[in-house]
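For the single chain, residues carry numbers from 1 onward in sequence order.
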Amino acid sequence: MDSVKKLLIDEQADIRTALAQLERTARGLLLLVDGDGRLKRTVTDGDLRRLLLSGANLDDRLSDLPACEPKTISDDASPEAALELMNRHRVDHIPQIDAAGRPSGLLLRRDLCSPILLSTPHLGSGERGFVDDAFRTNWIAPLGPNVDAFETELAAHVGIGHAAALSSGTAAIHLALDLLGVGPDDEVLCSTLTFVATANPILYQRATPIFIDSEPGTWNMSVPALQRALADADRRGRLPAAVIVVNLYGQSADMDPILEACGRYGVPVVEDAAESLGATYRGKASGTLGKIGIYSFNGNKIITTSGGGMLVSDDGELVERARFLSTQGREPAPWYLHKRVAYNYRMSNILAGVGRGQLQVLEERVAARRRVLDRYREALSDIEGLGWMPEADFGRSTRWLSVCVLDPQATEVTPADFIAALARQNIEARHVWNPMHRQPLFAGCAYYPHEEGCSFSDQAFLTGVCLPSGSSLEDSQIDRVCRVIRDALVRR
């Protein structure tokens, strides 16, 4: 518990040493322990000042401090229990102790009352003007000037021909499969290391998913696994109707060999860039390399429209067809005429206004998230057994989420233990996505690991943790997360 170690002071130490330690640690208090490391009391600068005013000198021992039974809590207690104890005793800090009575942590009221969340929305100053225009002109339906402008502006930003603003990234994937003609009895190859929203649209179309592992270098679709799956499908005479490639946690997959493998068999690629708007691959924008790309503007994404998504493509006819299907498929006629099943998937003009304002600060948001991971890595570089999701050298990751890895050979702390330790300090962290081939929903679906007998996505799930990563995180919040990580991983 490295950060707590800095607060420990032996009862045989003198007042001078304690004052210097208070100045050095800048935490406002010390934890006085006996020769066996058991907590005796807390020591503040006020305690030392009163001791000096009573006639003590700087060379007197801290054992002269009056006995004061400390208010403590077990190191597995919840934030709610700690706050209740603080309120009951009218204190602003509670030491955590282990079963032997030794300090294992320190809970501060200011921290417990200020949760640090995984990835919160970060609004700027430009969104309000576009939204106000929507109200002023009474354009609040799922059509309007903001929708048209958001499509044009986003397509220009990523360097693609056409875009359709939709109600969610999931809706965009669903429409992509529909546009590619995926239907019952078809098979679709899909990245397994992803959120279920990537794979659910395959089931919407009553098709069958086949899951493809990730590779260690990018954490994205494994080219060898994809090649084996395509070769097997070719031998069976049943090529997949599409391949959905996920750009995980803000990093592009290695698209050139993926596109080459799929192109050899004439299989179209849908690029799920829900998490990677702002990322690049060999100078091109993530989401623009496949036949169809999709983005998400969910509340936790790099930029948000509260909820929403975008389908993009250089094929203008496909995108125009997407707009048609996303507005209930109404045919051009003087009355309501519908020839096929369609959907209510269009984005509202209000939310598109939010998106336009958010798009203006996209590069700032990417830079801020990249800085968060840089600070984590720098501050925690000395901790044995703590690693990080790699960044491939073929482009820029947005680092939508900062993902760390716990080496089971170097630490006994599991991701579940680690996440619980952060939660006790009111800090949100999450497991890496539980791969789709492990989900009961997809039981019986085929799965191609990166190497025979070696599933990388399983390893990532069992060792990875997503840390708070929002672009609005302050340095003091990142420092707080780092202190708790040290307390969780560094042995006393």
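Taking CG from L277 and CG from L154, the interatomic distance works out to 6.0 Å, rounded to the nearest 0.5 Å. Separation of atoms NZ (K71) and CZ (R90) is listed at 12.5 Å; rounding is to 0.5 Å. To the nearest 0.5 Å, the span separating CD1 on I258 from CG on L189 amounts to 11.0 Å. Taken to the nearest 0.5 Å, the CG atom of L31 stands 5.5 Å off from the CG atom of L29. To the nearest 0.5 angstrom, I302 atom CD1 is 11.5 Å from Y295 atom OH. Considering CG of L386 and CG of L380, their distance stands at 6.0 Å, rounded to 0.5 Å.
Looking at N247 and Y281, their side chains never come closer than 4.5 Å, going by heavy atoms from C-beta outward. In this structure the side chain of E428 never reaches within 4.5 angstrom of the side chain of S119, judged on heavy atoms. By the 4.5 Å heavy-atom criterion applied to side chains, W219 and V432 are counted as neighbours. Using a 4.5 Å cut-off on side-chain heavy atoms (C-beta onward), N200 and F442 make contact. Between T42 and L32, every side-chain heavy-atom pair lies at or beyond the 4.5 Å cut-off. Side chains of T218 and P390 form no contact here, defined as non-hydrogen atoms less than 4.5 Å apart. In this structure the side chain of M86 reaches within 4.5 angstrom of the side chain of L107, judged on heavy atoms. The shortest distance between side-chain heavy atoms of L406 and P415 falls below 4.5 Å.
Among the candidates E11, K40, R50, R41, the single residue satisfying the side chain to side chain contact (heavy atoms under 4.5 Å, CB included) test with L65 is R41.
Residues forming a ring pair (Phe, Tyr, Trp, His ring centres under 6.0 Å) with F418 (at least two apart in sequence, or on another chain): none. In this structure, Y448 has no ring pair (Phe, Tyr, Trp, His ring centres under 6.0 Å) partners at least two apart in sequence or on a different chain. Listed by chain and number, the residues in a ring pair (Phe, Tyr, Trp, His ring centres under 6.0 Å) with F297 are F150 (sequence neighbours excluded). Remark: D479 pairs with R375 by the salt bridge (charged side-chain N to carboxylate O under 4.0 Å, His left out) rule, at least two apart or across chains. W400 pairs by the ring pair (Phe, Tyr, Trp, His ring centres under 6.0 Å) definition with nothing, not counting sequence neighbours. Applying the salt bridge (charged side-chain N to carboxylate O under 4.0 Å, His left out) test to R399 and every residue at least two apart in sequence or in another chain returns D374, E391. Here D45 pairs with nothing under the salt bridge (charged side-chain N to carboxylate O under 4.0 Å, His left out) rule; sequence neighbours left out. Under the side-chain contact (heavy atoms from CB on, under 4.5 Å) criterion, A100 pairs with D98, R102, not counting sequence neighbours. S457 meets the side-chain contact (heavy atoms from CB on, under 4.5 Å) test with T192, L193, D213, P435, H437, Y447, S455; sequence neighbours excluded. Scored by the side-chain contact (heavy atoms from CB on, under 4.5 Å) test, N87 finds R109 as partners (sequence neighbours excluded). The salt bridge (charged side-chain N to carboxylate O under 4.0 Å, His left out) test applied to D14 returns no partner, not counting sequence neighbours.
A salt bridge is absent between R424 and D76: the closest approach of a Lys/Arg side-chain nitrogen to an acidic carboxylate oxygen does not fall below 4.0 angstrom. Between R369 and E363, none of the side-chain N atoms (NZ, or NE/NH1/NH2) sits under 4.0 Å from a carboxylate O, so this pair counts as no salt bridge. In summary, E153 and R356 engage in a salt bridge, as defined by a charged side-chain N under 4.0 Å from a carboxylate O. Under a 4.0 Å N-O distance rule, the pair D382/R486 qualifies as a salt bridge. With respect to R38 and D34, a salt bridge is recorded, a charged nitrogen being found less than 4.0 Å from a carboxylate O. The existence of a salt bridge linking R371 and D475 is confirmed by a sub-4.0 Å separation between a basic side-chain nitrogen and an acidic carboxylate oxygen.
For the residue pair V372 and G470, the shortest heavy atom distance occurs at CG2-O, 3.8 Å. Minimum interatomic distance between V413 and T411 (heavy atoms only, all atoms of both residues): N-OG1, 3.1 Å. In plain terms, the two heavy atoms of I303 and Q358 that are nearest each other are CA-OE1, 3.3 Å. Annotation for T194 and L248: closest pair CA-CD1, 4.4 Å, computed over non-hydrogen atoms. Residues D10 and L62 come closest through the heavy atom pair O-CD1, 4.0 Å. Across P209 and L203, no two heavy atoms sit closer than the pair CD-CD2, 4.0 Å.
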**Study point:** salt bridge (charged side-chain N to carboxylate O under 4.0 Å, His left out) between D64 and R61, intermediate numbers included
**Key:** CA-CA 6 Å; D64 292 338; R61 298 180 188 277; over 6 Å; no
Review point. Side chain to side chain contact (heavy atoms under 4.5 Å, CB included) between S214 and S222: does it pass, once the steps are laid out?
Key: CA-CA 5 Å; S214 292; S222 162; 5.7 Å; no
Point to revise | side chain to side chain contact (heavy atoms under 4.5 Å, CB included) between I478 and Y376, worked out | key: CA-CA 7 Å; I478 300 172; Y376 282 141; 3.7 Å; yes
Practice item. Kindly determine whether S276 and S286 satisfy side chain to side chain donor-acceptor pair (under 3.5 Å), including the steps that lead there. Key: CA-CA 6 Å; S276 64; S286 174; 2.6 Å; yes
Exercise for review: Would you sort out whether I15 and N57 count as a side chain to side chain contact (heavy atoms under 4.5 Å, CB included), showing the intermediate values?
Suggested key: CA-CA 8 Å; I15 296 174; N57 63 63; over 6 Å; no
Exercise for review: Given side chain to side chain contact (heavy atoms under 4.5 Å, CB included), test D407 with T463 step by step and report yes or no.
Suggested key: CA-CA 7 Å; D407 181 358; T463 60; over 6 Å; no
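A donor-acceptor contact shorter than 3.5 Å is absent between the side chain of E215 and the backbone of F456. In this structure a side-chain-to-backbone donor-acceptor pair under 3.5 Å is present from E275 to Y249. Distance alone, capped at 3.5 Å, is enough to place a donor-acceptor pair between the E271 side chain and the G287 backbone. The main-chain N or O of N146 is found under 3.5 Å from a side-chain atom of N349 such that the two form a donor-acceptor pair. Between the side chain of S114 and the main chain of D111, no donor-acceptor pair closer than 3.5 Å is present.
By the 6.0 Å contact criterion, CZ on R128 is open, its count of non-hydrogen atoms from other residues, nucleotides or ligands being 12 or less. Around CD of Q439, the count of heavy atoms belonging to other residues, nucleotides or ligands within 6.0 Å exceeds 12.
Residue pairs meeting the ring-ring contact (aromatic ring centres under 6.0 Å, His included) criterion with at least one partner in residues 67-125, sequence neighbours excluded, are absent.
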